[in-house]
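To start, the structure itself, in structure tokens.
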Amino acid sequence: MKKVSVFLLALSTVFFVSCETDDKVVDQVLENYTVGAVLRTRTQEGNPFNAFVPESVFTVTVEEQDSEFGDLLASVDLYASFTDNQEDPNDNSKAEILIATYDASEFSTSSRGLPELTFSTTLAESASLLGVGTDYSGGDVFSYRFVVNLTDGSSWTNVNGNQNVLGGSYFSSPYKYDVVVACIPVGPVPGDYTLDMQDSFGDGWNGASIRVTVDGVATDYTISAAQGASNSEVFTIPDTATTVTFEYVSGDWDSEVTYQLYAPNGKIAFEDGPSPFIGDFTGSLSICP
């Protein structure tokens, strides 16, 4: 019995010392730990914007959480900016500006009992607000950044949040949302197109052509034998067009054929060759307003 008692006493002493040591470690961690805020993404829709639909909508719903379950929330600031990713030398990027401040009283209560806010904007609204106008195209980016302000005077956003919070699957609190502009035509894109054609042998396309069909009426563009090595054509897709298709019709010497199709915005919509894809390439066009 004496041996058992001594063993239990020793075990209790070890357990006490171990707990005391752990408590010291926890205290040291808490001394250097700052309690912040999380702005969790609840839902997000409408990314990307469609350049062909100025009314396309981006919506995000966020939920604020802090150490007092939302009671520390004072307000949330919302900033917006625009990044021009086009290759032309005229950079139309817009620096970040404050577009809204939401007081804690403007938040609703989520299903989890926490402050919740929904922000929604259209492409046209954001472009107007930032002074972009209609000077946007595929690949450009509209950015929206939230800053959470707490009653203790601290502010939290993407530059001072923990990585587990910013990109974690549970917290999912990036604070900043980048909405890309994409070009998704909802029908024929009207305007003047330029088709540049080349033949490497210099004897024309030998029966090959680019066939453009507008509302059932087909027109073939080619290089004749007399034209030899090249030809350029400009054609117009009218505002009234309801259907348009582009097709490469094969000839006798496709290995000599190359071409470039320029959209109304002056940028290449499609190019191919030598030995171009035979058939309808409408679905491969890259056309932005």
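Residue numbers start at 1 and run along the sequence shown.
- Proximity of Ser232 to Thr194: side-chain heavy atoms (C-beta onward) are separated by under 4.5 Å at one or more points.
- Screening residues 211-250 for ring pair (Phe, Tyr, Trp, His ring centres under 6.0 Å) gives Tyr193-Phe235, Tyr193-Phe246, Tyr221-Phe235 as the qualifying pairs, with residues at least two apart or on separate chains.
- A donor-acceptor distance shorter than 3.5 angstrom exists from the side chain of Thr222 to the backbone of Ala208, with no hydrogens or angles considered.
- Within the 3.5 Å criterion, the main-chain N or O of Gln198 finds a donor-acceptor partner in the side chain of Trp205.
- In this structure, the side chain of Asp272 engages the main chain of Phe277 through a donor-acceptor pair within 3.5 Å.
- Linking ILVMFWY residues whenever their side-chain heavy atoms come closer than 4.5 Å, directly or via other members, leaves Val212 and Tyr262 in distinct clusters.
- At distances below 3.5 Å, not a single donor-acceptor pair connects side-chain atoms of Asn206 with backbone N or O atoms of Asp252.
- Judged by distance alone, the side chain of Thr213 and the main-chain N or O of Ala218 form no donor-acceptor pair under 3.5 Å.
- In this structure, Asn265 contributes its side chain and Cys288 its backbone to a donor-acceptor pair below 3.5 Å.
- Under the 3.5 Å distance criterion, with hydrogens and angles disregarded, a donor-acceptor pair is assigned to the side chains of Thr236 and Asp192.
- With hydrogens and angles ignored, the 3.5 Å screen pairs a side-chain donor or acceptor of Ser93 with a backbone N or O of Asp84.
- No donor-acceptor pair closer than 3.5 Å links the side chain of Asp203 to the backbone N or O of Gly228.
- Cluster partners of Tyr79, using a side-chain heavy-atom cutoff of under 4.5 Å among ILVMFWY residues and allowing indirect links, are Leu98, Val147.
- Ring geometry for Phe142 against Phe82 counts as tilted: the plane angle lies between 30° and 60°, on a 0 to 90° scale.
- In terms of modelled atom types and a separation under 3.5 Å, the side chain of Asn160 and the main chain of Thr157 share a donor-acceptor contact.
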Review point. Could you walk me through whether Glu45 and Thr59 pass the side chain to side chain donor-acceptor pair (under 3.5 Å) check?
Key: CA-CA 5 Å; Glu45 297 178 349; Thr59 301; 5.5 Å; no

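- Side-chain N/O atoms of Thr101 and Ser75 include no donor and acceptor closer than 3.5 Å.
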